[in-house]
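Only one structure is covered here, and it is reproduced in the block below.
Count residues from 1 along the sequence.
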Amino acid sequence: MGYDQLRSTGGALYWLESRPGVDAEVLVRWRPDTGPVDLTPPGPTGISAVHTHGGGNYAVLGDELWFAGRDALYRIPDGQAVAVATGSFADLTPGAGELLGVCESDDADALVAVPTTGAAQPRTLAESSGFFGAPRPGPGLLAWCWWSKRDMPWDGCELWVAAYDPGDLIGHPVKLAGGPDESAIEPRWGPDGALYFLSDRSGWWNLYRWDGTSVVAVAPMAAEVAAAPGELGYASYEILPDGRVVMVVQDGPQYRLVMTGPDGAVQDVQLPYTSIKPYLAVHGDGVAVIGAAPDVPQQVALVHFDGPVPQVEALTPVPPVPPAGPDVPRPVPLRVPVGNDRVVTALLHPPVGAAPGWQAPVIVRVHPGPTAGCQLRPDASTRFFTARGYAVVDVDHTGSTGYGRAFRQALHGRWGVDDVDDCRAVAGYLVDAGAAVPGQVFVRGTGVGGYTALRAVAGDTPFAAATAVSAIVDPDRWAAAAPRFHRAHAVRLDSGSGRVRAADIRQPVLLVHGSVDEVAAVDDVRRLAAELDRQAVRHELVLLDGVGHRGAALSAEAVLAAEWAHYRSVVDVAGKG
C-alpha cells in the first residue's frame with residue numbers, strides 16, 4: 001500500500017492510494033463517522049502527467065470532486081465523471097467560485113482558472129515557455145511559483161504575487177523571492193493574511209514569511225524543510241488555526257515533525273515515524289501526515305494537539321509485515337569518507353538474522369533522481385533480499401537532497417563521476433570492514449541512478465555485477481528527447497562522459513526496462529544489450545510490456561526474483577572459475 005496527495009477540506013481528509021494488483025490510484029475520503037471510503041468513479045483515464053510526474057491531481061469544492069486525468073480535466077458530480085476541458089492539468093487548487101491550476105502543452109505552461117459553474121471554460125491568467133506551480137489564492141492576491149526552462153525548481157525557482165479578483169485577469173505581477181541562485185517554493189497564505197514560503201537562500205530550505213512589506217525568516221535551522229519538488233502540490237509545512245506552524249524537517253535520511261510558534265522556538269513533535277511525506281494537511285486543531293518507519297508500514301495518521309502530549313491516530317489499516325524483532329536488524333547509518341574532500345551517508349540494512357560480526361553479499365543501491373535520498377521506512381526490495389541473506393546499503397551520494405543546497409548541486413557536471421566514486425567508496429568500506437563478502441558486492445540503480453550503476457561497472461570496479469532499472473543510457477539523447485521538465489536537469493548533470501558503451505563494461509549486467517518508458521528511451525537499452533551481446537559480456541534484458549518509467553511492475557516480485565537470480569548466477573560462475 002502507498003499513500004499520496006493528502007488533503008483536508010470540509011471536515012474530511014482525502015488521499016490517493018495505490019494498491020497491489022490495481023493499476024490506477026484510488027481516491028479515498030475519510031470522515032470520523034465513516035472511516036475510509038473509495039471515491040474514484042469510472043471515467044477518468046490515467047492520471048495527470050504535467051511536468052511528467054503530475055501532482056495536485058484532484059480538488060474538492062463543496063460536494064463536488066474535480067480530477068485531472070492524463071488528457072482532460074473532469075468534474076465529478078454525483079459520482080459520474082464529466083470531461084469539462086481537454087489538456088493536461090495539475091496542481092488543482094480551490095478558489096472563490098473557480099478552480100485554479102497549471103495546464104501544460106507541448107512547449108509551454110499556463111496558469112489557468114476554471115469556473116466551477118456553467119461552461120467551465122479555462123481562462124489563462126499567465127503563460128510561459130517555462131514552468132508554473134503552486135497557484136495559491138489569498139486576500140485579494142494570487143501567489144505562484146515560476147522557473148525557466150533552463151532551470152529545475154530545486155535549483156532556481158521564483159515566487160510571484162499579483163492582484164487577483166476571481167472571474168477576472170490578474171494584476172501586474174511582482175517577484176518576492178527566488179532566482180537563478182535561489183529556490184523559493186511552496187507558497188501558502190496564513191490565517192494572519194501573510195504569505196509563507198520555503199527558500200534555500202541560506203543554503204537550506206527554510207520557512208519565510210512576507211507580511212506585505214518585508215520578508216523575515218521563521219525558525220531558521222541548518223536542515224531542510226522541503227523535499228526536492230519533483231512533483232506539484234507538495235505541502236512540507238502547514239499553519240494551524242492558532243498560527244503555530246508544523247513542518248517536516250529532513251536531516252539526511254531522518255525525517256521529523258517540528259512545531260514553531262510566534263517566539264520562533266522550535267519543538268520536536270514526537271511521532272513513531274522516521275519518514276514523513278511532504279503532504280501535511282491541517283484537520284481541525286491537528287495535522288494529518290503520511291508516515292512510516294523501518295518497523296511501521298506507511299500509513300495515514302492524524303496527530304492531535306488538543307492535549308499536553310500529541311496523540312497519533314492511525315486512519316488506514318496497517319498491513320501485516322514481518323515483525324521487526326531481533327531477527328530483523330534496524331538499518332545502520334554509515335558515514336563513509338570519499339578521498340579527502342567529502343563524506344557521504346549510507347544506510348546499511350543487515351541480513352535477517354545477522355549475528356554480531358556478520359559477513360554477507362552486499363547490494364549497493366543508487367536512488368533515482370538524483371535529487372532524492374535514502375528513506376528510513378519499509379521497502380519490499382530490502383525485505384526481499386535481506387530475507388535471503390543479503391545486506392542492502394542505500395547511498396546518499398553527492399547530489400542527494402537532505403544535506404543543503406551546495407551538496408545538492410555538487411553533482412552538476414559530475415554525474416557518472418562523483419556519484420560512482422561515492423558508491424565504490426561505500427563498497428570498499430564494507431569490504432575493508434569485513435561485512436561484505438569479497439567478490440559478492442553488487443550495484444543497483446534506477447533511472448538516473450541506473451546510469452550511475454552502469455558506470456560503476458565500467459573499468460576497474462569493486463562490483464561483481466550491476467542491475468539497471470529504467471536506466472538512462474545516453475545523457476545526450478536524454479537531454480534532447482526527454483520530457484521538457486527533465487531537459488534542464490540532463491544538461492546540468494552532464495559530465496561529458498557520454499553514453500554507456502558495452503566495450504567499457506567489465507561485469508555482468510541485468511537491464512530491466514518498460515517498453516513505453518517516457519523518460520529513458522527503451523531503444524537505448526536495446527542498443528546497449530545488442531552491443532553487450534557482440535562484446536560477449538554477460539547480460540540479460542527484461543522488457544516489461546506496456547510499462548512506463550515508474551510502473552509498479554518494475555518493482556514487482558518477479559523482477560526482484562530475476563535480480564536475485566542474476567546475482568546468484570554471477571557467484572556460481574565465479575565459484576566454478
Report the C-alpha separation of F442 and F463 in whole Å, then their side-chain angles, then the decisive distance to 0.1 Å, and conclude whether the ring-ring contact (aromatic ring centres under 6.0 Å, His included) test is met. CA-CA 5 Å; F442 312 104; F463 297 111; 8.8 Å; no

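The distance between the ring centers of H549 and H53 does not fall below 6.0 angstrom. Ring centroid separation for the pair H397 and H367 comes in under the 6.0 Å cut-off. Between W415 and Y451, the ring center distance clears the sub-6.0 Å criterion.
Checking side-chain atoms of K277 against main-chain N and O of Y3 turns up a donor-acceptor pair under 3.5 Å. No side-chain donor-acceptor contact under 3.5 Å links H489 to the backbone of R487. Between the side chain of R506 and the backbone N or O of A503, at least one donor-acceptor pair lies under 3.5 Å. Of the possible donor and acceptor atoms, none in the side chain of T345 sits under 3.5 Å from a partner among the backbone N and O of R335.
The salt bridge (charged side-chain N to carboxylate O under 4.0 Å, His left out) check on R527 picks up E531, with sequence neighbours excluded. For the side chain to side chain contact (heavy atoms under 4.5 Å, CB included) test, residues two or more places apart in sequence or in another chain that qualify with V491 are A479. Checked against side chain to side chain contact (heavy atoms under 4.5 Å, CB included), P368 has the following partners two or more places apart in sequence or in another chain: T446.
Interatomic distance, CG of D418 versus OG1 of T398, reported as 5.0 Å (0.5 Å rounding). Separation of atoms CG (N57) and CG (D91) is listed at 9.0 Å; rounding is to 0.5 Å.
In this structure, R377 is not positioned above the aromatic face of Y255 in the sense of NZ or CZ being under 6.0 Å from the six-membered ring centre and within 45° of the axis. A cation-pi geometry, defined here as NZ or CZ lying under 6.0 Å from the six-membered ring centre and within 45° of its normal, holds between R388 and W564. Stacking of R7 on the aromatic ring of Y58 is recorded, both the 6.0 Å distance cut-off and the 45° axial limit being met.
Checked for salt-bridge contact, R19 and E25 miss the test: no charged N lies under 4.0 Å from a carboxylate O.
The aromatic rings of F385 and Y567 are tilted relative to each other, their planes meeting at an angle between 30° and 60°.
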